[in-house]
Amino acid sequence: ITPRRLTNQHILVVGKSGSGKSETTKALIYELAQQGVPSIIFDYQGEYAHGDFHKLVKPQVFNVMNGLPINPFELPIDPHIGKRIQPIEMVFRLADTLNTVFSGSGDIQLGILREAIEECYVQQGFDMHDTSTWDNQPPTIEMLGAVLDKWVGDRGSQVRNLQVRLQPLFKSGMFLKDHASFSFNDLFKKTSVILMTSGIKDLMLAASRFLLEKIYGAMLMAGLSKVLRVMVCVDEAHKLCGDDTITSLIKEARKYGLGLILSSQETRDFHPSIFANTGTLICLAL
């Protein structure tokens with residue numbers, strides 16, 4: 001008689017082109033907004049930033065190319081101990097992310113990238129074993145570019161190739177200090193559309209991954225929750241579903257009040273873990 005409370009808020013929408021995936025997703029987000037639950041929409045096509053949905057929901061619209069309120073070098077706080085994670089952990093995490101997103105090409109360049117990131121922390125006064133230095137001002141993407149520029153003369157082609165791969169990161173200005181077009185906390189106040197419509201695919205993937213990690217970190221800091229705090233919607237989810245960040249979120253985020261709506265055309269776009277950890281499946285014209 002009384003419907004059981006939905007204990008897994010993650011939603012997967014799969015269907016052929018033109019079958020109604022986006023309209024279904026828009027309807028879900030609209031109803032969430034009516035209940036006071038904000039959504040953060042990763043929009044790769046620009047369809048949530050205008051039209052009937054935009055008129056009804058009136059979301060905030062932010063374009064990542066205008067700057068992101070994120071510094072990928074910032075050491076997040078481990079919510080279990082209330083202190084920042086070790087810089088060396090961030091060295092490996094950030095290097096692996098950049099190497100994966102910008103088409104890694106071997107162990108030598110990955111090693112150089114790790115060394116360069118560590119050098120950035122050293123330049124900012126971080127000591128890998130002295131916790132009192134871990135609250136220092138974090139390095140920046142520009143510093144990483146400067147380190148590689150300095151090394152290219154001594155190390156030659158391997159550093160040059162690494163620079164070419166990371167060029168969109170340095171040229172876009174997306175992570176420039178004080179260049180963000182919005183505040184990160186704004187995303188949790190009302191439904192927000194984050195435009196990922198640039199044709200620089202690797203850069204959009206990097207921006208998506210860093211944003212997802214920061215959103216998840218914010219939920220961890222907020223603590224456990226039986227209430228849905230925010231829903232993250234990734235339309236055209238095949239662009240991100242091979243990413244470890246999504247798989248980790250789908251497994252862990254639920255207990256912190258973070259839900260996911262993932263939408264794509266084919267079931268094979270999703271890792272088996274996503275199916276195993278999703279409460280609601282909507283299949284259209286399959």
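Side-chain atoms are counted along with the backbone in the values below, which use heavy atoms only and exclude waters and symmetry mates.
- Checking each of I40, T25, I194 against C233 for a side chain to side chain contact (heavy atoms under 4.5 Å, CB included) leaves exactly one that passes, namely T25.
- Cluster annotation: L110 and L166 are assigned to distinct hydrophobic clusters (Ile/Leu/Val/Met/Phe/Trp/Tyr, side-chain heavy-atom contacts under 4.5 Å, transitive).
- Side-chain N/O atoms of D235 and S22 include a donor and acceptor closer than 3.5 Å.
- The shortest non-hydrogen separation linking V14 to E266 is CG1-C, 3.7 Å.
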Quiz item: Step by step, would you call V230 with M219 a side-chain contact (heavy atoms from CB on, under 4.5 Å)?
Solution: CA-CA 9 Å; V230 66; M219 291 295 99; 3.9 Å; yes
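- Proximity of M65 to L203: side-chain heavy atoms (C-beta onward) are separated by under 4.5 Å at one or more points.
- Side-chain heavy atoms closer than 4.5 Å link hydrophobic residues (I, L, V, M, F, W, Y) into clusters, and following such links, possibly through other members, connects L211 to I200.
- Side chains of Q265 and K16 form no contact here, defined as non-hydrogen atoms less than 4.5 Å apart.
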Please list every donor-acceptor pair under 3.5 Å in which a side-chain atom of residues 67-75 meets a protein atom from a residue at least two apart or in another chain.
{"residue": "N71", "atom": "OD1", "partner": "F73", "partner atom": "N", "Å": "3.0"}
{"residue": "N71", "atom": "ND2", "partner": "P139", "partner atom": "O", "Å": "2.8"}

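- Counting non-hydrogen atoms of neighbouring residues, nucleotides and ligands closer than 6.0 angstrom, the CG atom of D52 reaches no more than 12 such neighbours.
- Here the shortest heavy-atom pairing between G279 and N8 reads N-OD1, 3.2 Å.
- The distance from the CD atom of E89 to the CG atom of D78 is 8.0 Å, given to the nearest 0.5 Å.
- Within a 6.0 Å sphere centred on NZ of K171, heavy atoms belonging to other residues, nucleotides or ligands number 12 at most.
- Linking Ile, Leu, Val, Met, Phe, Trp and Tyr residues whenever their side-chain heavy atoms come within less than 4.5 Å places V91 and I85 in a single cluster.
- Note on R209 versus E213: salt bridge recorded, some NZ/NE/NH1/NH2 to OD/OE distance being below 4.0 Å.
- For the pair N66 and F182, the minimum side-chain heavy-atom distance is 4.5 Å or more.
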Exercise. Might you work through the side-chain contact (heavy atoms from CB on, under 4.5 Å) test for M128 and Q86, ending with a clear yes or no?
Key: CA-CA 7 Å; M128 297 300 161; Q86 296 184 39; over 6 Å; no
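- No side-chain heavy atom of K83 sits less than 4.5 Å from a side-chain heavy atom of T131.
- Within the 4.5 Å cutoff, the side chain of I215 has no heavy atoms near those of the L249 side chain.
- The closest side-chain heavy-atom distance from K150 to V152 is not below 4.5 Å.
- Minimum interatomic distance between F210 and F175 (heavy atoms only, all atoms of both residues): CD1-CZ, 3.6 Å.
- Looking at every heavy atom in both residues, A222 comes nearest to R229 through O-NH2, 3.2 Å.
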Practice problem: Begin with the C-alpha distance, continue with both residues' side-chain angles, and end with the deciding distance and a verdict on side-chain contact (heavy atoms from CB on, under 4.5 Å) for Y121 and M143. | Solution: CA-CA 10 Å; Y121 281 107; M143 288 181 66; over 6 Å; no
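- Put simply, I77 and F184 are part of two different groups of oily side chains (I, L, V, M, F, W, Y) that touch within less than 4.5 Å, one to the next.
- Hydrophobic clustering, defined by side-chain heavy atoms of Ile, Leu, Val, Met, Phe, Trp and Tyr closer than 4.5 Å, groups L32 together with I11, V13, L28, I29, Y30, V37, I41, Y48, F53, L56, V57, V61, V193, L195, L228, M231, I261, I282, L284.
- M90 is listed as a side-chain neighbour of P76, based on a closest heavy-atom distance under 4.5 Å.
- Under 3.5 Å, the side chains of Q123 and E119 contain a donor-acceptor pair of N or O atoms.
- Annotation: salt bridge (charged side-chain N to carboxylate O under 4.0 Å, His left out) contacts involving residues 20-30, sequence neighbours excluded, comprise E23-K26, K26-E47.
- Scanning all heavy atoms of the two residues, the minimum distance from Q60 to S192 falls at NE2-OG, 2.8 Å.
- In the hydrophobic cluster analysis, where Ile, Leu, Val, Met, Phe, Trp and Tyr join through side-chain heavy atoms closer than 4.5 angstrom, V159 is grouped apart from V122.
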Quiz item: Under the side-chain contact (heavy atoms from CB on, under 4.5 Å) criterion, do Y44 and T197 qualify, and how do the steps go?
Solution: CA-CA 5 Å; Y44 297 94; T197 51; 6.0 Å; no
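- The CZ atom of F270 sits 6.5 Å away from the OG atom of S263 when rounded to the nearest 0.5 Å.
- S132 and D130 share a donor-acceptor pair across their side chains, judged by distance under 3.5 Å alone.
- Minimum heavy-atom separation, Y216 to E252: OH-CB, 2.9 Å.
- Each of I250, L260, L262 was evaluated against T278; a single residue qualifies, I250, per the side chain to side chain contact (heavy atoms under 4.5 Å, CB included) test.
- Here CD1 of I88 is found 8.0 Å from NE2 of H129. Values are rounded to the nearest 0.5 Å.
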